[in-house]
Amino acid sequence: MKRETSFRLNGENHTVNASVDSRLVDVLRDRLCATSTKKACGIGRCGACMVLLNGTPANSCLMMMWQVEGADIVTPEGLDDVAEAAFVRQGLIEENAFQCGYCAPGFTVTLTALLRDVAQPNEQDIRDALGGNICRCTGYRSIVRGALRAVELKQEHGV
Amino acid sequence: MEVLHPSTVEEALALAAGDEDTYFVAGATLVQLDWAQGLRLTKRLVSLDRIDGLTGVEATPDFIRIGSLTTLAALEGHKAIASELPMLLSAIKATAGPTIRNLGTIGGNVGGRRGCLIPALLALDARLDIARTGVRQRVSLVDWLAMGRDPDCVIEAVVVPRSVPTRWTYRKVGLRAGFMPAIIDVAGLLSVSGDRITQCRMAVGGGGAATRLHEVEALLIGEPQHAIDWQRVHAALMEAIRAPEDDFRSTRYRRVAAANAMVHGLGGRLPRKSRPLSPVIPSDAHAVPGEIALSRQASGDCWHIRPDGPAKIAGRLTYLTDVRKEGMLVARILRAGVPHARIIDIDTSEAEALPGVAAVVTHRDVKGSNGFGIVIQDQPAMCFDKVRYVGDAVAAVAAVDAETAARALALIKVRYEPLPVVSDPLKALEAGAPAVHSAGNLRTELYFERGDVATGFAEAAHVVEAIYETPRQMHGFMETEGGHAFVDEGGMLNVCAGGQHGRRDRMQLSRILALPEDRIRVVSSPTGGAFGGKDELTVQPALALLALKTGKPVRIQLDRKESVMAGTKSNPMRIRMRTACDADGRLMAQEVDVIADSGAYASLSPAVVETALEHACGPYEVPNVRSRGRLAYTNNGTCGALRGFGCNQMTYALECQVERLAAACGLDPIEFRARNLRQAGTRGYLGQIVAPTERLNEMLSAAAADPIWLKPRGPSADDSEIIGVGMGMNYQGNGLGTLPPDPGGGILRLAPDGAIEALIGMDEIGQGLLAAVRNTVATELGCGHADVRPIVGDTGVAPESGSTTASRGTYVVWRVAKETAPQLATDLTAAAARLLGRTADTLAIAPGGFAERGSNSGELLITFADLARRLGPDSLPSAETSFEFPKSDYFDGNARLVFAFGATLARVAVDTVTGQVRVLDVSQHTAAGPVLDHAAYLGQIEGASVQGLGFTLMENATLREGEYVTENLDTYMMPSIHDAPQSMTAFALESLEPDDRFGPRGIGELGIGAVTPAIANAVADAIGFWPQRAPINPEAILDALAATA
């Protein structure tokens, strides 16, 4: 069954005519060309497709069109408007946190939400938040360092 | 598929109306996993998400009532749950991953009947408020579960009695440390009044239906707490627990782990005596001069931000699978789906007739030679006579969109005549086994002998023999195979798909397509991870055939399930190793027999086995050696290169043997190794000449001095874990070896915009090629990092540099820079001098352009951009080089000349309750010559370490009769962040001998090589048992613990 679904994507309204069970990740990548959202498992087990759904990190491969009617969706491309994203990105960049980088946008989304919601997350908070993001290249250590650096940057900026 | 959105429970019930094919959903996370596994393919969902009043937590004096649509994340953050129901909170935190918990609800977890909360809720004696048409009632969870699935029932709330138990436990055992389905989970609680147990509830779930354990509870209720016979309780639990058996864990294991967890969690002692531990602190330990720690802080000015980092992190880097163009078709590949069959007929007519389908291709469209393979071309681009594994490509379609392509795929009719499945490499080699290929199943046999093996064993004081088995590891690159292809205006076929050697991909495509190489351009970078898994062709033949047939741009990206099915894996090996030493601990003889699974095709498997055997004695001198390797074709998927290329498997076996012999001799593992290390200046294992730099003594010293030995070891305070430290040494050959062609080369030039372009035909697969190129060129030329523009992974512009494999890229980059920079510097300086009217000796290359020699004013006399503009596009200086990767002098077999050296140490905690192994710390010492880029080097070591941890503890692509059991990342477990060690350190020793002209060594594989034996030896340090199979089965650990009792 196809039907029109409307949602906000990175601040812009979109209406998509798609099957009700189309996955958000496919609609983003194939219909709206929002390819910063990556797809690596398609069943919610890796976090490469992480988006902010009404402000909360969610696996877009698990979101079907019927679940996003009226939702506010932010993909990694749209994080420019979230203040904490700048610290997260900078921290990850400085630590050379990623290698192939395919998982990086998903990690960035999850960490941005963490830094927004928790004043000063520690290493355990970071690890707990990233339990659903898989990275194959780095062994995670560099990502933890990058996230800790982001927390430091946030403090330095008095946020 | 229809989704209905009632606004009241009554409406929801009316819509479902008892229809078996209608499902209520809330967060709808579970239903999608079911769909992925082919279960519950319902056509109708009734979503409860718009019904008011079903969320929130309400605390009454007697109960905590939780609305069924409350998300698990909301419960996690709820004060009443934390303070009143800590067991439930513990179960919630162990359920799925944090972002799934943002979507998943408590009602869904319970309603799906398999959720991880059920055992905890059973132990808490939870009730459900349910609604049926016209009826609302409160039922106990036990009774509700007993009723079976009822389509005419909505859960409105989960209601938990408020009572504070004296003691409670919840434990979930899975295949890794976090975000995994339960192998088994237990929940139990006790209330004690005085010393008497007044209340006890126990439940177990995971894999099967969750159940209360009333019989065992009865043993405890009314008993005095101090006198509980825990051994009897344990036995009763073993009796009562029902658990399934699957390819991952046995029923027996689940029972033991669950019984242990319950007894331990409720305060009982487990029947076990720990081995008296005599921790070995290596003597004569002192740090190695010159070894540096790698980190942003320690590296200082040597720490550079990788050029592709910012774009990747911001999501602005376009991968080859991200390209979308107007009119681009979407391709899909039809896989065999059966492991072994003769093809009778392929009928594509219905698929071709489907509106929206642009083309269907099969073997009939292959104009050239229908076979590929880096060394042996035994794999069809499109199968024609038979299929040999489930992932074999049979046809491909291109259509206007993914949905049409999927429909077309289903319309292709292939008639098969099934053939017997060959699934055991040993049986594959028996006489009369069904032949996977007509020439027989013995793909490769290798034999090597040196010295007098029989005498070596006969005269030995100690002999150890064991069989080590290794898993079928998946590369697990996050970007699955894919890309796009098109024919450009000039008639050039462009194939853009992540790979590891564009020119070889082009050559292979040329053979398949019968198209000259100069009509094909292959773009193979950037790619989202490879690890050897994109070395062989993947989607390129199908993409090329479809682009040529349709004349339109075509894209494809395999979904994970198809990637698992089609992609190569590491070669599972069965290594029988017999090793001997004299009474002083000097190695005397080594005998190795390897059986390796090639899967359906050869790819690089013969070379993997050969490389494994080349490392059969590792970094040790053994006078008498005999080795044999056999590689068998089977229908078990298909295998090939994976980071380490066979060394990891062999090193695992060898380094365990070494420590067993050390124990037999009463020597500590450092001293035993010290007596046997090969010495600099001696010939290599095959008798070949090797590069002059050897750093084994230094690596051993560094390992001995590592602070990891001083960290706590032995049983934990509550006896639930035993901690051990272990190590492994390795050396890893660089380059392809003496036998295959191994070209290198590159170009350095001034681009029209003033960039210093470095053209290298290798690939950025994540390892940091771009950073290495930029640093090395800037260093050699004297320009700034930002001046250098690496251009890689494109046969249209970059020259032949060889493959991005075998830890060879570092050397190629370094040598290209060394050989081209002086020439380019001379030509640039001459050109600048001419334009500036100066002499060349007054100029110096500086960041951005030319400065006055000797001046440090920072002023540029001319920028590179101005220089390029004034010279004009036809007169821009350029320098190039090509060479063969350095080779040794041995040609009877494949031998390496250049090696890197390492020692890996691991500290692990062996869980005496579950038998699981947790890696606490990893420390890696490496000696690979000068470090080209500190961050990339560190990244390679750390990443390899955790990939090796996965191999050792959890990863195995499991097949049953040629069909994958692990189809996606829900069952193929790669390490999550919870599995990664809390502490990881990496060190580099950069020095080379003065006469060593081979420069920096590659480190892509060095870091993975000795992780498995370090962990295995640490387990042995903790419990006296060397695991002989990876991934380590916790059942074997529990058995070993029981045996020492």
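- Formation of a donor-acceptor pair under 3.5 Å by the Arg324(B) side chain with backbone atoms of Arg29(A) is found in this model.
- Between the side chain of Arg176(B) and the main chain of Glu955(B), no donor-acceptor pair closer than 3.5 Å is present.
- Heavy atoms closer than 4.5 Å to chain A are found in both the backbone and the side chain of Ser976(B).
- Heavy atoms closer than 4.5 Å to chain A are found in both the backbone and the side chain of Arg306(B).
- By number of non-hydrogen pairs under 4.5 angstrom with chain A, the leading residue of Arg555(B), Glu764(B), Glu403(B), Gln940(B) is Arg555(B).
- Heavy atoms closer than 4.5 Å to chain B are found in both the backbone and the side chain of Met63(A).
- Heavy atoms of Met180(B) lying under 4.5 Å from chain A are absent altogether.
- Chain A forms more heavy-atom pairs under 4.5 Å with one residue of Ala28(B), Ala936(B), Ala96(B) than with any other, namely Ala28(B).
- Side-chain atoms of Gln32(B) and Arg23(A) include a donor-acceptor pair closer than 3.5 Å.
- Val144(A) touches chain B through its side chain: at least one heavy atom from C-beta onward sits under 4.5 Å away, while N, CA, C and O do not.
- Looking at Ile765(B), the atoms closer than 4.5 Å to chain A (heavy atoms on both sides) all sit in the backbone: N, CA, C or O.
- Proximity to chain A (any heavy atom under 4.5 Å) is shown, for Pro526(B), by neither the backbone nor the side chain.
- Ranked by heavy-atom pairs shorter than 4.5 Å toward chain A, the options Thr480(B), Val946(B), Thr29(B), Ile100(B) are led by Ile100(B).
- Judged purely by distance below 3.5 Å, without hydrogens or angles, the side chains of Asp933(B) and Asn775(B) pair a donor atom with an acceptor atom.
- Neither the backbone nor the side chain of Ile941(B) comes within less than 4.5 Å of any heavy atom of chain A.
- With respect to the salt-bridge test (charged N to carboxylate O, under 4.0 angstrom), the residues Arg296(B) and Glu95(A) qualify.
- Considering only heavy-atom pairs separated by less than 4.5 Å from chain A, the leading option among Glu2(B), His475(B), Lys93(B) is His475(B).
- Using a 4.0 Å cut-off between charged nitrogen and carboxylate oxygen, Lys38(A) and Glu479(B) do not count as a salt-bridge pair.
- Heavy-atom distances place the backbone of Leu317(B), and not its side chain, under 4.5 Å from chain A.
- With a 4.5 angstrom heavy-atom cutoff, Asp559(B) does not touch chain A via any of its atoms.
- Side-chain N or O atoms of Lys154(A) include one that pairs as donor or acceptor with a backbone N or O of Leu115(A) at under 3.5 Å.
- Contact of Val330(B) with chain A is not made at all, since no heavy-atom distance falls under 4.5 Å.
- No side-chain donor-acceptor contact under 3.5 Å links Lys534(B) to the backbone of Glu481(B).
- Side-chain contact, Thr75(A) with Thr37(A): no donor N or O sits under 3.5 Å from an acceptor N or O.
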